[in-house]
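Just so you know, these numbers come straight off a predicted model, no measurement behind them. Both counts, for ligands and for their atoms, begin at 1 and track the order of listing.
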Amino acid sequence: MLQRLDKAISNTGLLTRSQVKDALKAGRIQCDGVIVRDGARKVDPEAQAITLDGERIFSGSVILMLNKPAGFVTSTQDPRDRTVMELIPPRYRRRVAPVGRLDKETEGLLLFTDDGDLAHFLISPRHRVPKIYYARHEGEATAEDVAAFSQGLILKDGTVCLPAVLEPLGPGESRVTVCEGKYHQVRRMMASRGMPVTYLERQSESGLTLGNLPRGQVRLLSQAEEMVLRQGN
Ligand code: URA
């Protein structure tokens, strides 16, 4: 549906009407790759690529990346702890849900979306979406540990894990790549090999990385990142 560009943007709640005016004036808004300064221009937000500072404003769905700090639980409500939803800007808070979960003390990359199909795709072990973690731990990873991870560990309670990649980085430091998201997965895998984890950070999911996003901050994915994520979905 065609509508005025300035009105369409302010209707999202992303910017106020005067902020839209300023953004147009400053050349921060593009329509299909061309800077637009005329707020009265008629656009179709669903069909055209309208961006603010290079970030898509209107797309069918919202995908956010959080650099999660320790101390926040991954749930929408909690009687005791602060939740990751508190870190999501209010304008998105009621719309999106976390994609999978990170433990309260785990830091790093956590995605949020309102696209249920995408979330399901990313979470399902069937699709083997890789997640890369940096772990500090007790002990030192050996060649036998690397081999055990690559064969698929069987945890103490009988849980069978998919093959994973363990890369020793130095004494008490490893990178772990898993393609599923079982409860406390990395911590339990490392503990099963006598290397309890003392610090865990997710650095990457499905090829996306945190880049220079500061801890505790949230941003929308760029179009290029969204494409990476949707590949194969
Ligand atoms: N594995 C864990 O053990 N914890 C996390 O938060 C994520 C993966």
Q.
Please check whether Q185 reaches ligand 1 - meaning an N/O of the residue sits under 3.5 Å from an N/O of the ligand, judged on distance alone.
A. yes
Q. Is any N or O atom of R188, backbone or side chain, closer than 3.5 Å to an N or O atom of ligand 1?
A. no
Q. Can you tell me which residue and heavy atom of the protein come closest to atom 4 (N) of ligand 1, and the distance to 0.1 Å?
A.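 Going by distance alone, atom 4 (N) of ligand 1 is nearest to D103 OD2, 2.7 Å.
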Q | Identity and distance of the protein heavy atom lying nearest atom 1 (N) of ligand 1 | A | V186 N, 3.0 Å
Q: Could you walk me through whether D145 and M195 pass the side-chain contact (heavy atoms from CB on, under 4.5 Å) test, one step at a time?
A: CA-CA 10 Å; D145 295 319; M195 298 179 285; 3.7 Å; yes
Q: Determine yes or no for a side-chain-to-main-chain donor-acceptor pair under 3.5 angstrom, with K68 supplying the side chain and D103 the backbone.
A: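 Checking the backbone N and O of D103 against the side chain of K68, a donor-acceptor pair under 3.5 Å is found.
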Q) Going through the distances and angles, do V176 and V165 end up as a side-chain contact (heavy atoms from CB on, under 4.5 Å)? A) CA-CA 6 Å; V176 181; V165 180; over 6 Å; no
Enumerated ligand 1 atoms positioned under 4.0 Å from heavy atoms of [X]:
X: T106; result: 4 (N), 5 (C), 6 (O)
X: L200; result: 1 (N), 2 (C), 3 (O), 4 (N), 5 (C)
X: L102; result: 6 (O), 7 (C)

(Q) Using heavy atoms and a 4.0 Å limit, tell me yes or no: is Y133 in contact with ligand 1? (A)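 A heavy atom of Y133 does come that close to ligand 1.
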Indicate whether any N or O donor in one side chain lies under 3.5 Å from an N or O acceptor in the other, for [X] and [Y].
X: Q217; Y: N67; answer: no
X: R187; Y: T106; answer: yes
X: H137; Y: T198; answer: no

**Q.** ligand 1-proximal atoms of V178, by part, heavy-atom distance under 4.0 Å
**A.** neither
(Q) Let's go through R175 and Y134 carefully: what are the C-alpha distance in whole Å and the side-chain angles of both, what is the deciding distance for side-chain contact (heavy atoms from CB on, under 4.5 Å) to 0.1 Å, and is it a yes or a no? (A) CA-CA 5 Å; R175 187 179 300 128; Y134 166 78; 5.9 Å; no
